[in-house]
Amino acid sequence: MSAPRLSSTPLPGIGVRYDLTTRDSRRLSVVAHRDGHRTISAYREDDPDACDLSVRLTAEEAAALIDALMPAHHTPNLLSTTDLGLVAERIELPGSSHWNGRLLGESRLRTDTGASVVAVLRRAEAIPSPAPDFRLAGGDILIVIGTREGVEAAAAILGRE
């Protein structure tokens, strides 16, 4: 049995797709649409490229599902929408990214999107409030906060090859 794997792919103009491969090698995906909707898809066990089920949820339905998956007594994982209209998301920097090995400030994320990188997770280390001279590396997970549109634009910039 292999460990679960989660990856994200920016979908310009649409949102972000998150793909989960479970320990049992089953594939699930969630598309976080820019308008707040979510599409959850499950793929066939005998053909991981064939979709077996796809359900589109409103933002409210997605929030209810999150509550069921992560009850209120559990500490949430930073990935939440606040009443202020801000979201925080984990964005993985692909090894093939144009920004791999470059300085965070060179990306102009905050200037161009209004979204801020508040921390970087690298292996077992967390780097809070990385400065513009912080050197990015493939596999880094950036915690980005901003408006939904700003975070999606940041994901698109970081995914650039």
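All values derive from a computational prediction rather than experimental measurement.
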What do you reckon, is CD of Glu106 surrounded by more than 12 foreign heavy atoms closer than 6.0 Å? yes
When you compare the side chain of Pro132 with that of Leu103, does any pair of heavy atoms fall below 4.5 Å? no
Take atom CZ in Arg110; do more than 12 heavy atoms of anything else shown fall under 6.0 Å from it? no
Among Ile141, Asp140, Leu142, which residue meets the side chain to side chain contact (heavy atoms under 4.5 Å, CB included) test with Arg122? Asp140
Working to the nearest 0.5 Å, report the span between CD of Glu149 and OG1 of Thr113. 11.0 Å
For the CG atom of Leu28 and the CD1 atom of Ile40, what is their distance to the nearest 0.5 Å? 9.0 Å
Enter the distance from Leu20:CG to Ser8:OG here, rounded to the nearest 0.5 Å. 12.5 Å
Start with the C-alpha gap between Ile91 and Val151, add the side-chain angles, then the distance that decides, and say whether side-chain contact (heavy atoms from CB on, under 4.5 Å) holds. CA-CA 9 Å; Ile91 301 173; Val151 170; 4.2 Å; yes
Could you tell me the separation between the CD atom of Glu89 and the CD atom of Glu152, rounded to the nearest 0.5 Å? 7.0 Å
Give the intermediate values and the outcome of side-chain contact (heavy atoms from CB on, under 4.5 Å) for residues Ile143 and Arg90. CA-CA 5 Å; Ile143 307 299; Arg90 297 171 188 236; 3.4 Å; yes
Indicate the atoms forming the closest heavy-atom contact of Asp19 with Arg27, along with that distance. OD1-NH2, 4.3 Å
Does Arg148 pair with Asp35 as a salt bridge, N-O distance under 4.0 Å? no
Test Leu136 against Arg102 for side-chain contact (heavy atoms from CB on, under 4.5 Å), laying out the working first. CA-CA 6 Å; Leu136 298 167; Arg102 296 180 184 241; 5.7 Å; no
Approximate separation, where rounding is to 0.5 Å, of Cys51 SG and Asp49 CG: 11.0 Å
Under the 3.5 angstrom rule, does the side chain of Arg135 hit a backbone N or O of Gly101 as a donor-acceptor pair? yes
Does a side-chain N-to-carboxylate-O contact under 4.0 Å join Arg26 and Asp24? no
Quick check against the 3.5 Å criterion: does Asn100 have a side-chain atom that pairs as donor or acceptor with the backbone of Ser97? no
Is there a side-chain contact between His33 and Ile14 (heavy atoms, below 4.5 Å)? yes
